[in-house]
Each structure stands twice: as C-alpha cells, then as structure tokens.
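The structure appears below as structure tokens.
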Amino acid sequence: METENRPQDFLRQLVAADIAAGKHGGRVQTRFPPEPNGFLHIGHAKAICLDFGIAEEFGGTCYLRFDDTNPEKEEVRYVEAIKEDVRWLGFDWEDRLAHASDYFEQLHDYAVHLIEAGKAYVDSLSAAEIRAYRGTFTKPGLESPYRDRSIPENLELFAAMRRGEFEEGEHVLRARIDMASPNMNLRDPTLYRIRKVPHQRTGDAWCIYPMYDFAHTLSDELEGTTHSFCTLEFEDHRPLYEWFLDNLPVRNRPKQTEFSRFNLMFTIMSKRKLARLVDEGHVDGWDDPRMPTLSGMRRRGYPAAAIREFVGRIGVTKKDNLIELGALETCVRENLNASAPRRFGVLRPLKVVIENYPEDGEEWLTAANHPNRPEMGSRRVPFTREIYIERDDFMENPPRKFRRLRPGGEVRLRYAYIVKCEEVIKDASGDVVELRCSYDPLTRSGMEQAQRKVKGTVHWVSARHALRREVRLYDRLFSTPNPDQGPGGFLAHLNPDSLESVDAALEPSLAEASPGERYQFERSGYFTPDPFLHSAGRTVFLRTITLSDSWAKIERQAMREAAASK
RNA sequence: UGGGGUGUAGCCAAGCGGUAAGGCAACGGGUUUUGAUCCCGUGAUUCGCAGGUUCGAAUCCUGCCACCCCAGCCA
C-alpha cells in the first residue's frame with residue numbers, strides 16, 4: 001500500500017541529480033534536527049519521513065540530532081519522547097544520534113576563528129538597543145558602536161563571557177556582516193548569548209550558548225550532512241548558512257533546501273499553541289488522544305504506516321497548503337480495514353427481549369474475524385434471550401430510507417436470527433427503554449431461511465455475557481477548518497464535544513483485548529485499549545476513528561434540506 | 001513598504017516547449033448478512049490575470065494581481 005510509483009518530488013529529483021553529478025562523492029547524508037522543547041506532531045512526521053526516507057532510498061544515512069542550544073526551554077523528557085516517536089514512526093538512526101551540544105567545543109572554536117578573522121565581535125548593546133539598531137524592512141540598520149573593537153579585545157571579552165564573568169544580557173557575540181543588508185538575517189546576527197541556566201545535557205559546563213543559525217549550519221557541517229532539508233521559513237536564512245560555510249575553514253559543504261510545511265484542517269500545529277493546550281488543561285497532556293502529536297495519535301490507535309502513507313500522499317512542494325482531514329483519516333481507515341479483526345460492541349445499549357426464545361437458551365454462534373479475509377478465522381459469540389442493540393438502530397418513526405428496526409419491522413441480527421419488533425416499552429418520560437421482539441428460529445445464520453431478504457442487519461451483544469466497559473469517543477479538537485485564522489484565537493474554536501465517554505456493552509471475547517491491538521467494532525469504528533488506563537481489572541477502549549458512514553451523510557443532507565425549505 | 005517565496009479542479013499534486021497524470025473529496029451505478037469494504041463510471045477546451053515569442057506555451061519573455069515568510073540575546 002505504501003509508495004507505489006509516485007512521481008518524484010523536487011527534493012528527490014535534486015538528490016538524484018546531485019548523485020548523478022557526483023557531488024559529495026555520491027554520498028547522501030541528512031539529519032532530522034528537532035529541538036527538545038515539546039512533543040513531535042504530525043507536521044514533524046513529514047520532515048522525519050523526508051529526512052530518513054530520502055537517505056534510505058538513496059543508500060545514505062540520517063542523523064537524529066537534537067538542536068539543544070536553548071537550555072531554558074529544553075528538557076530530557078522531551079528528548080526521550082522524541083526518540084520514542086521517531087522509532088515508532090518506523091525509523092532507525094542506529095549509531096547516528098547527535099546533539100548540537102556534542103559540538104559546543106568545536107562551535108566555540110569556530111566562533112574564535114571568526115573573531116580572529118575580524119568577522120565577529122562582542123557587542124555590549126542591550127537587547128533593546130540591538131533591536132533599535134537593526135533598522136526596519138525599509139530602513140537600513142545602524143552599526144553598533146562596539147562593532148570595531150580590536151581583535152584582541154574581542155578575544156578577551158569572548159573568553160571572559162565563557163568564563164562566566166558577565167551577567168546575562170551584558171554582551172553577545174555577533175557576526176560582522178552588513179547592517180544595511182535587505183536581508184534582516186545578515187544584519188550582524190547574534191552568534192552567542194549568555195545564559196546562566198543548567199543545560200539538560202551539559203549541565204553547567206557552559207554559560208554561553210550558540211544561536212540557531214550558527215549552531216545548526218555548523219552542526220550540519222561537522223557531521224558531514226550533504227543535504228539539509230528544512231521548512232520554508234528558513235529560506236532567507238540560507239544566505240547566512242552559506243556565509244558561515246564561506247567564512248570558516250570547513251571540511252564539508254552541506255546544502256540547505258526548503259520545502260513547505262503542511263497545515264491540516266481542524267487542527268493546529270504550532271508547538272507553542274499545543275503547549276498551551278497542555279498547560280492550560282484543555283487536554284490531558286501531550287499524548288491526549290485528541291492531540292495531533294505522534295504520541296497522541298499512537299495512543300489513539302493510528303498505525304504508524306498510515307501516517308507514513310499520508311505523508312507520501314500529500315507530496316512535497318514549496319506551496320502553502322491546507323490539507324483536508326479526510327486525507328489523513330482515509331489512510332487510517334484503509335490500514336485498519338485491512339488489518340483489524342471484527343468484533344461486536346454496542347456503544348449505547350438498548351435492551352431487546354426475544355420473547356419466544358427459551359429463558360435459559362444459550363447458543364454460541366460463529367462470527368468471522370474478517371469478512372474479506374477468511375484466513376483470519378472466526379470466534380464464537382453467545383446468543384441469549386436478552387440482548388443489546390444500538391439505540392440508533394431503532395426508530396419509532398423512521399424516515400423512508402431507514403433500513404433498521406422499527407415497530408412491527410424486521411431486521412437481521414448479524415450472524416444470528418431475523419427478529420421482529422413486537423412491542424416498544426417506554427418509561428414515564430416517554431423514552432424507549434426496551435424492545436420486545438420475536439425471532440424466527442429457522443433463520444439462524446447458515447440456514448436456508450436465513451437467505452430471506454431483510455431490510456437491514458444490525459450488531460448485538462448478549463446482555464448476560466456483555467462486558468460493560470468505558471469507551472471514549474473522540475471527535476475533532478477544533479470545530480473550524482482553520483482554527484488559527486478565525487476571530488478570538490484558536491482557543492475560541494475548541495470543540496466542546498471532542499470527548500465523550502460511554503458505558504458500552506461488548507462481546508465477551510474482548511475481555512482478552514490488550515493495548516496495541518486494534519479492533520473494528522462492526523458498523524461503528526475502530527477501537528483500541530488505552531495503554532495508560534489498562535490494568536488487570538480495567539480496559540478502556542478508545543475510538544481511533546469511525547467507519548465511513550453514508551447513512552450519516554444522508555441524514556445530514558436531509559437535515560439541511562429540511563432547514564432550507566423552512 | 002525592502003528582501004525572500006508561491007499561484008494547475010473543492011483539497012493535495014504530476015508536468016521541465018508537442019497539445020492537462022494520479023490521489024483524496026463529491027456525485028452516479030454494481031456486489032454485499034457491516035448503510036463498512038470492494039468494483040465500475042463521471043470532472044480543467046484550460047493552468048492567478050494581461051500581453052508577447054513560437055508552427056505550437058501550464059512550460060520561454062514582459063507587466064500586473066493575490067497570498068505566505070522575515071525586523072528574538074527562539075528554533
């Protein structure tokens with residue numbers, strides 16, 4: 001199902017051309033460089049699949065490199081979570097695990113080299129002053145009064161910075177490029193700042209930390225990266241990337257190429273905003289099944305292969321884009337449809353008593369684990385006089401197209417008998433609480449009479465044998481296609497009904513279900529045991545995704561037409 | 001506003017001067033003991049717009065328009 005004859009995207013064309021031209025001696029080396037300041041989300045999956053995928057396809061290698069240059073925001077728990085997510089997605093960095101912090105000493109030496117070449121200087125302007133001196137898009141910047149410090153003075157000051165002799169903010173190291181450049185990134189960008197904060201890996205070994213552009217470019221270089229893929233917002237950083245390579249005694253010459261991120265309808269993908277959802281308690285954590293994080297999707301039961309397939313389908317270009325959620329969901333359904341064993345689960349049980357079935361009767365009927373894959377075998381489900389069916393499968397006054405149970409109507413109980421609704425029992429407030437039915441004993445699945453045409457088929461669970469379990473039903477976290485854009489900010493678009501919990505009645509074989517397994521509850525959706533809430537006495541099932549539902553579509557259409565004609 | 005990018009169907013996306021792939025969605029139809037799955041069929045006289053070059057332009061040239069990114073001691 002994955003990657004069959006897809007046209008080559010421009011990145012792969014570029015790599016193929018580079019190999020053909022003999023660049024880097026035909027070597028391909030990439031890297032996936034996350035900052036460990038949060039969890040990976042579905043957007044990162046694209047970068048991971050590209051970085052690791054392209055390397056693999058062209059016989060190259062890919063590093064997992066943590067871009068850990070800002071100790072204030074980074075934590076070990078994030079690096080552990082990121083490793084787990086990359087592995088889960090199906091990629092292996094083997095011995096190619098790196099951190100920008102591994103290179104701190106060498107990066108420092110590169111900085112000294114720039115100072116010695118007169119291409120970097122210690123600036124003692126405050127952050128606010130630096131901002132003011134930078135100018136605007138239309139006005140060139142002003143040169144700092146410290147820009148022409150002597151090389152020995154710069155060297156001494158930088159050394160003192162490293163020794164911790166200054167407070168945060170007192171000085172920074174800047175590249176000496178061009179304060180009048182139309183590219184803001186070239187107006188003497190900051191290379192190092194003082195941060196007296198322990199680093200998650202290097203502890204208090206350093207109190208000066210390199211900035212992204214400097215650290216990232218030279219980490220690529222030191223590691224031997226040949227192809228450095230990143231997203232579009234770094235496009236105008238490329239001249240700076242090249243400036244570093246041009247002005248330092250480098251051994252390697254990596255090349256940066258940019259592609260566009262993707263946006264997904266009904267979701268947000270900014271780490272900062274996802275962190276807010278977590279911090280403000282709108283969700284249960286980074287791995288809440290409603291989150292677009294890889295850990296959230298994993299917990300919810302999304303197969304890694306489905307995510308890889310999705311990434312392959314959306315392609316890679318430099319265009320801004322907003323992908324329909326359905327594109328992702330289709331991949332999940334395709335994967336699960338092919339692989340998930342079928343089971344019966346009644347989410348909102350309605351009791352049905354089959355009046356002409358013996359009180360103490362009990363039959364174990366055979367049900368296929370997969371209707372299109374006989375090799376997956378079958379299981380037995382108990383049938384008794386009292387069963388549950390889905391509340392939605394009965395309507396007292398159904399519309400014409402309704403194919404399920406109605407008063408006086410017949411329906412087939414899947415793998416069992418044809419039953420007829422004889423009586424509807426309601427409570428004091430008029431709600432249907434029970435159905436009294438009769439069954440036709442000659443219509444058991446497999447019997448000749450079972451061939452009889454019946455309007456519909458519904459799933460069911462024997463009341464006496466039913467496993468009562470909590471099932472969590474998820475819906476999209478946001479109710480608008482582009483929550484980032486609407487008025488009131490993204491929080492105003494949170495879907496209040498994104499989580500619903502029901503007390504479901506499940507067929508007894510599900511007692512053995514364990515985390516990591518995925519089932520289709522027939523006519524309903526795909527479900528998986530929550531790995532975090534699983535114990536000897538408890539299984540909570542999470543709905544990964546619903547089945548596609550053309551009946552719901554018809555209903556929605558009817559509602560719209562009714563509303564329009566009023 | 002200076003710089004950097006991008007415009008092909010509802011959403012993605014091939015195309016690389018020789019006459020508009022494919023996927024998703026949508027809509028029809030068929031099979032079906034899951035309103036699932038599966039199968040079959042239906043969309044661009046036109047590629048942001050306007051000119052030009054050419055026998056021939058989505059592809060080349062010129063101008064215009066729209067949208068995105070950049071003024072962290074974040075990445």
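Below, chain A is the first sequence line, B the second, and so on; all start at residue 1. The basis for the numbers below is simple: all heavy atoms, side chains too, and nothing from hydrogens, waters or symmetry mates.
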Taking atom [atom1] in both [N] and [M], compute the distance separating them and give it to the nearest angstrom.
N	M	atom1	answer
B:U6	B:G51	C1'	22 Å
B:A21	B:G43	C1'	14 Å
B:G10	B:C16	P	23 Å
B:U37	B:A44	C1'	31 Å
B:G48	B:U31	P	43 Å
B:G23	B:U42	P	12 Å
B:A26	B:A50	C1'	33 Å
B:C12	B:C69	P	16 Å

Residue of the set A:Thr217, A:Asp220, A:Asp213 for which side-chain hydrogen bond (donor to acceptor under 3.5 Å, both in side chains) holds with A:Tyr241: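 That would be A:Asp220.
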
Enclosure of A:Glu75 CD (heavy-atom neighbours >12, cutoff 6.0 Å):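 Yes, enclosed.
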
A:Arg261 atom CZ, neighbour heavy-atom count above 12 within 6.0 Å: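 Counting neighbours around CZ of A:Arg261, 12 or fewer heavy atoms of other residues, nucleotides or ligands fall under 6.0 Å, so no.
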
With a 3.5 Å cut-off and heavy atoms only, can you find an N or O donor on one side and an acceptor on the other between the side chain of [X] and the base of [N]?
X	N	result
A:Arg342	B:U34	yes
A:Arg131	B:G72	no
A:Asp549	B:G35	no
A:Gln520	B:U34	yes
A:Glu324	B:G10	yes
A:Ser445	B:U33	yes

Name the nucleic acid region contacted by [X], choosing base, sugar-phosphate or nothing; use a 4.0 angstrom heavy-atom cut-off, strictly under.
X	result
A:Ala327	sugar-phosphate
A:Leu547	base
A:Thr190	sugar-phosphate
A:Gly446	base
A:Ser548	sugar-phosphate
A:Ser260	nothing
A:His237	base
A:Lys401	base
A:Ser550	sugar-phosphate
A:Leu173	nothing
A:Phe262	nothing
A:Val411	nothing
A:Tyr526	nothing
A:Ile130	base

Upstream residue (5' side of RNA chain B) when A:Asp320 and A:Asp213 are each assigned their closest nucleotide: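 That would be A:Asp320.
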
Contact nearer the 5' end of RNA chain B, comparing A:His171 with A:Ala450: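 The answer here is A:Ala450.
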
Short side-chain to backbone donor-acceptor contact, A:Ser181 and A:Asp178, under 3.5 Å: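 Pair absent, no side-chain N/O of A:Ser181 close to backbone of A:Asp178.
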
Note: [X]-[Y] ion pair, threshold 4.0 Å (strictly below):
X	Y	value
A:Lys318	A:Glu235	yes
A:Glu309	A:Arg313	yes
A:Arg12	A:Glu57	yes

Taking any strand in view, what nucleotide pairs with [N] in a Watson-Crick or G-U wobble way, both distances under 3.5 Å?
N	result
B:U19	none
B:C64	B:G48
B:U34	none

Could you tell me whether the phosphate oxygens of [N], OP1 or OP2, come under 4.0 Å of any side-chain nitrogen or oxygen in [X]?
X	N	result
A:Arg193	B:A75	yes
A:Gln13	B:A14	no
A:Arg174	B:C73	no
A:Lys455	B:G35	no
A:Arg134	B:G72	yes
A:Lys319	B:C68	no

Option among A:Lys420, A:Arg403, A:Lys455, A:Arg452 that satisfies the salt bridge (charged side-chain N to carboxylate O under 4.0 Å, His left out) test with A:Glu410: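 The residue from A:Lys420, A:Arg403, A:Lys455, A:Arg452 that satisfies salt bridge (charged side-chain N to carboxylate O under 4.0 Å, His left out) with A:Glu410 turns out to be A:Arg452.
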
Member of A:Glu165, A:Glu167, A:Glu170 meeting the salt bridge (charged side-chain N to carboxylate O under 4.0 Å, His left out) criterion with A:Lys196: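 Going through the options one by one, the only one that passes is A:Glu167.
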
Face-on cation placement of A:Arg162 at A:Tyr192 ring, 6.0 Å and 45° thresholds: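 So A:Arg162 doesn't make the cation-pi contact.
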
Cation over ring face, A:Arg195 and A:Tyr209, 6.0 Å, 45°: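 A:Arg195 over A:Tyr209 ring: no.
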
Close residues, residues 179-188 of chain A, relative to RNA chain B [heavy-atom separation under 4.0 Å]: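 Output list: A:Pro182, A:Met184.
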
Spacing between A:Phe234 atom CZ and B:G72 atom C1', to the nearest angstrom: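 Atom-to-atom, A:Phe234 to B:G72, this comes out as 13 Å.
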
